[in-house]
Amino acid sequence: NPRVEKAFRAMRNLGIPDKKTKPVLKYLLKLYEKKWELIEQENYRVLADAIFENETEVAEQKKKLDDAEAAERERVEQAERMKAIEDETQIQEEPEKPLKRMRARYRDDEASPSCVSPNISLGGSLPVILIKPKDELLTDDPLRVEVPLDSTTPDLEPEPPVNTDAISPTENGVEENDNLIPDETVHHIAKRQESVANTDAISPTVSLKTGNDFEKETETAREDNNRLNSDETVDVAKGQESAVKTDAMSPTVSLKTRNDFEMETETGREEYVNVILDETVDIAKGEESVVISYINEVNSELPPSFHYIPRNAVFQNAYVNFSLARIPKENCCSTCVGNCLTSSSPCQCALQTGGEFSYTSEGTMKEDILDHVIETNSDPQTCHFSYCKECPLEKAKAKNEGVLGTCKGHKERSFIKECWLKCGCSKKCGNRVVQRGIRYKLQVFMTPAGGKGWGLRALEDLPKGAFVCEFVGEVLTCKELYNRVSQSDKKDEYAYPIFLDAEWGKESELQEDKTLCLDPTSYGNVARFINHRCFDANLVEIPVEVENPDRHYYHVAFFTTRKVKALEELTRDYGIEFDDNDDLIKAFKCQCGSAFCRFTKGSSGSRKRKCAQT
Ligand SMILES: C[S@@+](CC[C@H](N)C(=O)[O-])C[C@H]1O[C@@H](n2cnc3c(N)ncnc32)[C@H](O)[C@@H]1O
């Protein structure tokens with residue numbers, strides 16, 4: 001059946017192996033009474049969501065069953081111990097004769113054959129514990145019954161045999177390479193527990209609905225995600241606690257609860273159990289609110305080793321000081337309640353950015369603000385630069401080269417100012433987007449052969465102005481970065497750092513510990529996989545002020561410059577100049593494919609480079 005094959009192919013493209021797709025597809029076909037169009041719409045979204053949700057639910061059930069098994073084993077062992085004690089005690093309670101016999105035996109062996117104290121009395125009535133045969137069910141949970149998939153769902157449309165050659169290399173990679181991984185601390189393969197913890201936030205109580213209901217629900221959940229819930233005002237934690245998780249919850253539909261399943265056919269249960277057995281791969285090791293999978297359909301390479309961190313971490317000498325005292329009153333909206341975006345007049349935080357919030361109520365960046373940033377990036381004439389008297393970058397280079405070069409200029413940037421701790425609003429306030437973390441499903445994937453190595457893409461369509469992820473790494477001083485890179489024998493493998501240089505040129509005396517950059521090479525997040533594209537990249541980096549009014553340190557966030565389709569590679573302009581041999585990290589041979597590629601056309605000067613850096 002070509003429709004079955006198409007569905008498998010669509011799921012493979014999302015990194016979902018056929019063996020996971022098969023049971024859920026069967027289930028949905030049955031549920032939707034073979035109305036394929038409900039499954040096929042939005043590029044098989046119902047199917048993909050059901051697989052993701054099913055995995056979580058099933059993993060939880062598996063854990064419960066494992067716990068029940070362990071408890072049962074413990075009960076059995078306890079029963080055996082009690083039985084042994086009872087036997088011993090009965091011996092002691094026998095009349096004189098056997099007791100004497102025992103004494104005589106002790107004397108002979110000069111050691112007690114038993115550790116039972118003569119004082120122990122069990123009162124004669126031990127509980128009766130039935131020991132079940134080993135292969136019997138240890139719980140009465142029908143989900144334990146594992147039946148081969150092939151014997152299920154007689155009413156599924158006939159399928160063509162699955163081509164095992166075409167099975168996703170991810171699946172093979174996981175199974176075959178799992179035990180080759182030497183270090184548990186690296187991110188390669190998240191263990192099942194991590195994925196369970198990570199998807200905790202997904203409600204198991206939502207049932208699958210038919211087509212329209214499903215769409216409505218998805219839509220509503222997405223809106224809920226982005227809009228303020230009016231009840232927040234009564235939430236003492238202002239949504240900072242569990243809401244952090246639910247915030248980021250994927251607005252999709254879960255498979256049924258166990259009870260629902262019990263009411264289903266035998267088939268439903270069998271499929272449910274079979275999905276348990278698959279490992280989930282999460283590059284983020286459960287650190288994000290969404291699972292970040294990886295897939296390699298090109299070769300057998302695994303993603304590079306690094307420590308996944310969801311937030312920046314200071315390496316050593318960088319001066320990054322967050323304290324409530326350092327945030328002046330006028331930099332926060334302490335009297336606000338709920339959602340600042342819905343207030344009739346701009347709050348203090350909005351006043352920091354000209355009285356206007358940067359975000360829409362849907363959680364995307366406002367189009368005019370975004371367009372302005374994109375325009376200034378692409379048009380060198382509109383860029384404004386400030387120049388350092390003694391540029392920290394040049395000073396750091398001079399340590400190696402002995403000559404102090406002149407500052408090439410630092411672009412003046414438009415900042416986003418988000419609400420933070422000292423603000424009165426809720427965590428769900430519409431002016432808190434970047435700090436709530438990744439919410440779209442992302443995937444690390446191997447770009448086509450001979451290309452750019454690993455890249456990043458989304459598994460769902462993204463609107464224009466969507467926040468994709470932050471650029472997270474170690475916070476280093478320029479000096480530390482230069483020392484680190486110049487001493488490294490793997491200069492080519494450096495993930496491009498970002499300099500937090502928005503204020504550098506404005507200060508006459510810039511302290512060394514305040515000239516900062518972010519290096520994601522060893523400690524970073526998913527942004528370290530974003531490849532470069534000259535000028536017309538679909539992501540733009542925007543500085544975000546969150547917890548610190550001091551612009552020596554800020555966050556760097558990536559937003560989409562236009563609508564981006566699911567599976568399209570996400571790219572950013574690194575701002576490198578390909579003919580600049582002066583750079584510490586050597587430029588690569590650019591394969592971005594852009595009509596404006598600076599590598600193929602020859603680099604056109606430092607101003608363009610600085611513009612592209614945002
Ligand atoms: C920040 S990493 C991006 C992730 C990287 N592709 C990987 O496999 O880990 C930067 C490296 O990716 C490669 N890269 C990024 N953009 C590229 C492009 N447009 N053309 C060729 N290689 C690129 C270069 O090797 C570069 O040093």
Side-chain angles (χ1 to χ4, degrees), residues 15 169-170 173 186-188 281 283-284 292-309 312 377 442-458 468-474 476 481 484-486 488-499 517-541 556-558 561 568-581 583-603 608-609 612-614:
T170 304
V186 298
H187 68 85
H188 284 154
V281 178
I283 288 264
I292 299 173
S293 58
Y294 78 78
I295 183 167
N296 186 345
E297 293 179 305
V298 177
N299 54 37
S300 57
E301 219 177 280
L302 286 167
S305 293
F306 71 103
H307 297 261
Y308 195 100
I309 51 170
N312 294 328
N377 283 348
L442 302 176
Q443 185 178 60
V444 173
F445 74 107
M446 179 54 79
T447 62
K452 302 169 284 185
W454 294 93
L456 186 69
R457 63 189 180 187
V468 170
C469 64
E470 193 181 327
F471 186 91
V472 170
E474 281 177 272
L476 301 180
L481 179 79
R484 182 180 275 193
V485 179
S486 53
S488 165
D489 48 5
K490 292 182 182 169
K491 290 192 185 58
D492 300 349
E493 290 173 24
Y494 251 80
Y496 275 73
I498 284 186
F499 291 98
C517 66
L518 301 173
D519 176 9
T521 309
S522 304
Y523 291 81
N525 74 344
V526 72
R528 75 188 299 294
F529 292 103
I530 302 174
N531 284 319
H532 160 84
R533 186 174 170 95
C534 298
F535 288 119
D536 58 0
N538 53 19
L539 297 180
V540 64
E541 64 194 61
V556 176
F558 292 111
T561 55
E568 200 182 319
E569 182 175 6
L570 296 165
T571 54
R572 70 178 180 97
D573 190 332
Y574 291 4
I576 38 178
E577 196 180 348
F578 290 97
D579 59 3
D580 186 355
N581 297 324
D583 276 349
L584 184 69
I585 297 167
K586 296 293 164 233
F588 44 85
K589 188 176 162 203
C590 185
Q591 314 223 18
C592 71
S594 164
F596 312 104
C597 179
R598 296 192 290 272
F599 183 81
T600 49
K601 288 195 182 340
S603 187
K608 247 184 186 170
R609 176 178 83 131
Q613 273 182 336
T614 312

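In this text, all values refer to a predicted model and were calculated from it rather than measured experimentally. Numbers here simply count residues along the sequence, with the first being 1. These values consider heavy atoms only, across backbone and side chains, with no hydrogens, waters or symmetry-generated copies. When a ligand or atom number is given, it counts from 1 through the structure's own listing order.
Residue-ligand proximity, Tyr496 to ligand 1, at heavy-atom distances under 4.0 Å covers atoms 1 (C), 27 (O). Those atoms of ligand 1 with a heavy atom of Cys590 less than 4.0 angstrom away are 19 (N), 20 (N). Taking every heavy atom of Cys592 and a limit of under 4.0 angstrom, the matching atoms of ligand 1 come to 19 (N). Proximity to Gly453 (heavy-atom distance under 4.0 Å) selects the following atoms of ligand 1: 6 (N), 8 (O).
Between Cys534 and Phe596, the shortest heavy-atom contact is CB-O, 3.8 Å. The shortest heavy-atom contact between Asn531 and Trp454 is ND2-O, 2.9 Å. Shortest non-hydrogen contact noted between Asp536 and Ser594 is OD1-OG, 3.1 Å.
In this comparison of Lys589, Glu569, Arg528, Arg572, the heavy atom closest to atom 2 (S) of ligand 1 sits on Arg528. Taking each of Tyr574, Phe529, Phe471, Trp454 in turn, the one with a heavy atom nearest to atom 5 (C) of ligand 1 proves to be Trp454.
Some N or O of His532 is nearer than 3.5 Å to an N or O of ligand 1, by distance alone. Here's the thing with Asn531: one of its N/O atoms is less than 3.5 angstrom from an N/O atom of ligand 1.
With a 6.0 Å cutoff to the six-membered ring centre and a 45° limit on the axis angle, Arg528 counts as a cation-pi contact of Phe306.
Only the side chain of Phe588 comes within 4.0 Å of ligand 1, counting heavy atoms alone; its backbone N, CA, C and O stay farther away.
In this structure, His532 has its ring center at least 6.0 angstrom away from the ring center of Phe599.
Residues passing the salt bridge (Lys or Arg N to Asp or Glu O under 4.0 Å) test with Glu474, sequence neighbours excluded: Arg484. Annotation: ring pair (Phe, Tyr, Trp, His ring centres under 6.0 Å) contacts of Tyr496 (sequence neighbours excluded): Tyr574, Phe588.
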